[in-house]
Number of protein chains: 2
Amino acid sequence: MKAADKAKHRTDMISSALRSAILERVLMPGMKLPEDSLGERFGVSRTLIRQSLERLAAEGLVELRRNKGAMVARPSLEEARDLFELRTQIEDLVISRVVKNMSPEILGELEAHLAKEVEAEHASEPISIRLATEFHILLARLAGSPVLLRYVEEIGYRCGLTLSLYARPHSTDCGIQEHRQIIDALAKGDEGTARKLMRHHLTAVADRALFRTEEGGPLLYLDALEPYAKKVRDGGA
Amino acid sequence: MKAADKAKHRTDMISSALRSAILERVLMPGMKLPEDSLGERFGVSRTLIRQSLERLAAEGLVELRRNKGAMVARPSLEEARDLFELRTQIEDLVISRVVKNMSPEILGELEAHLAKEVEAEHASEPISIRLATEFHILLARLAGSPVLLRYVEEIGYRCGLTLSLYARPHSTDCGIQEHRQIIDALAKGDEGTARKLMRHHLTAVADRALFRTEEGGPLLYLDALEPYAKKVRDGGA
DNA sequence: TGTGGCGAAATTGCATGCAATCCTTTATAC
DNA sequence: GTATAAAGGATTGCATGCAATTTCGCCACA
């Protein structure tokens, strides 16, 4: 029963579900996240919901105000800029590590992911947003540093959240074309080019995003969450 | 009552207390951290202890094994190397931001901290370890990026923990002399030198640390924790 | 003496309950 | 009609209880 040790448990599943919902813009910034409603949805008690919310708050996806409950975070423009700036610098570190680790298997994983992106390109929007974020995360995993991976994940998620606040609804967010080029540069071991491309790629995303100042939005809590909750209740990942 | 919104609450206080205890080597790597014992010590229920442990686990200071409770983390040598490598790269980012933000106030804060370090130099060892870590954290705060600050904190803490596993007991860990030089370089706006010094400083710490392979140690749980717990019970920071 | 298994004690996983806090609505005064 | 205040409802903060799991000591047995 050693393997069961690693079995994701309910808190993990709930956190993941909520995170996905946020990144796929089912839960929009500012929406309230009451413990009992969520608990009811997910078929667990407030205890586990609380844990999950706390975890997401640590990642910066959820704001947690004392005695006032949780809501999907609404990062300020300033925070967003900070985030995107840091992101380019952190992902620089990723690039140089991936170049060092480059191998056929790694290239294979990258290609496989890109294929998924291409396939999803014409599907529903939220999925392609998630895949785009996951491209960066995959790169970070291939960099071989667990801590770095965690940071890229976190920053990536938060940038994704930021995009749902500030980006135009139909911007592509992450050009598949650009991912393609980055992979090619990495394949050639051309760190300089890869780095430049990544930088350009990220600033492009940021530039497209960080200008709308549109305020507010619907603050009511949706039950479009149902599909996410169902997965958890059924024990899926 | 707006200010009270920010009032640190019990979970924060407990986390801080435990973190300090770990960094000051009162809780050594591998020690068990049972919820009820801690709860009793700190005068709170297991709920809050649990939250705190979870938070520390997210920071990497505590290992949390399902159904088997929490213990102070025992980072492997490999993790430690990864950590120290990342640290130099992350603190590079800090340096260049601090140089950009440099001002008399900032210089003042740095000097003030150094003064504390000098003062504590001849006091008990644990305190000077903590102060040394906090030097890096202060720098990160002055870099002006909240996210970067969080990462530096986390990495700093984890490196501190690592040192208590692998470093020789009486190594100075962080040379005050070196902090002095870094401040001077920053004051002159000499980013290159500051960077080089910091890099050298960090690799020196890592080199001093990452060789002992000594195994084990006392696994029993101490109640040297009492002073830390008392602070929390009395509502102090 | 060493090994395997069984049962009790300890410890965590999770749900629930109660008190404290905050938010909203209604009532009342000006 | 506006503003203020108080009551009621909703929601979180925290403690406690019970079931499930693990750990450890004990004894049988080779």
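In what follows, every chain begins at residue 1, and chains take the letters A, B, ... in the order their sequences are listed. Just so you know, these numbers come straight off a predicted model, no measurement behind them. When reading the values below, keep in mind they use all heavy atoms of this one structure, side chains included, and skip hydrogens, waters and symmetry mates.
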Taking atom [atom2] of [N] as reference, at what distance in whole Å does atom [atom1] of [X] sit?
{"X": "A:R65", "N": "D:dT11", "atom1": "CZ", "atom2": "P", "answer": "14 Å"}
{"X": "A:D12", "N": "C:dC14", "atom1": "CG", "atom2": "P", "answer": "10 Å"}
{"X": "A:E40", "N": "C:dT16", "atom1": "CD", "atom2": "C1'", "answer": "15 Å"}
{"X": "B:K68", "N": "D:dT21", "atom1": "NZ", "atom2": "C1'", "answer": "11 Å"}
{"X": "A:M71", "N": "C:dC22", "atom1": "CE", "atom2": "P", "answer": "17 Å"}
{"X": "A:E35", "N": "C:dT16", "atom1": "CD", "atom2": "P", "answer": "14 Å"}
{"X": "A:R10", "N": "D:dA20", "atom1": "CZ", "atom2": "P", "answer": "12 Å"}

In chain order, what residues pass the side-chain hydrogen bond (donor to acceptor under 3.5 Å, both in side chains) check against B:T47, with sequence neighbours excluded?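 Only B:S45 meet the side-chain hydrogen bond (donor to acceptor under 3.5 Å, both in side chains) criterion with B:T47.
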
If the condition is side-chain hydrogen bond (donor to acceptor under 3.5 Å, both in side chains), which residues does B:E63 pass it with, not counting sequence neighbours? none

From the options D:dT12, D:dC14, C:dT12, select the nucleotide whose nearest atom is closest to the side chain of B:N67.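 The closest nucleotide is C:dT12.
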
C:dC23, D:dT22, C:dC14: which one has an atom nearest the side-chain heavy atoms of A:H9? C:dC14

Near-strand residues of residues 44-56 of chain A, defined as heavy-atom separation under 4.0 angstrom from DNA chain C: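 Residues of residues 44-56 of chain A that come under 4.0 Å of DNA chain C are, in numerical order, A:V44, A:S45, A:R46, A:T47, A:L48.
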
So, are B:R150 and A:E154 salt-bridged, with charged N and O less than 4.0 Å apart?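 Salt bridge flag = yes for A:E154 with B:R150.
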
Quick one: do A:R19 and A:E59 make a salt bridge, cutoff under 4.0 Å?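 Judged by the 4.0 Å cut-off on N to carboxylate O distance, A:R19 and A:E59 do form a salt bridge.
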
Using the closest heavy atom to pick a nucleotide of DNA chain C for each, name whichever of B:G69 or A:G43 lands nearer the 5' end.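 It is B:G69, whose closest nucleotide lies nearer the 5' terminus.
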
Can you measure from CZ (B:R74) to OG (B:S164) and round to the nearest 0.5 angstrom? 12.0 Å

B:L61 side chain reached by B:L18 side chain, heavy atoms, under 4.5 Å: no

Whether A:R66 contacts C:dT21 is assessed here as follows: a side-chain N or O lying under 4.0 Å from the phosphate OP1 or OP2. Is that the case? no

Would a distance-only check, ignoring hydrogens and angles, find a side-chain to backbone donor-acceptor pair under 3.5 Å from A:H179 to A:L110?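 Not a single qualifying donor-acceptor pair exists.
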
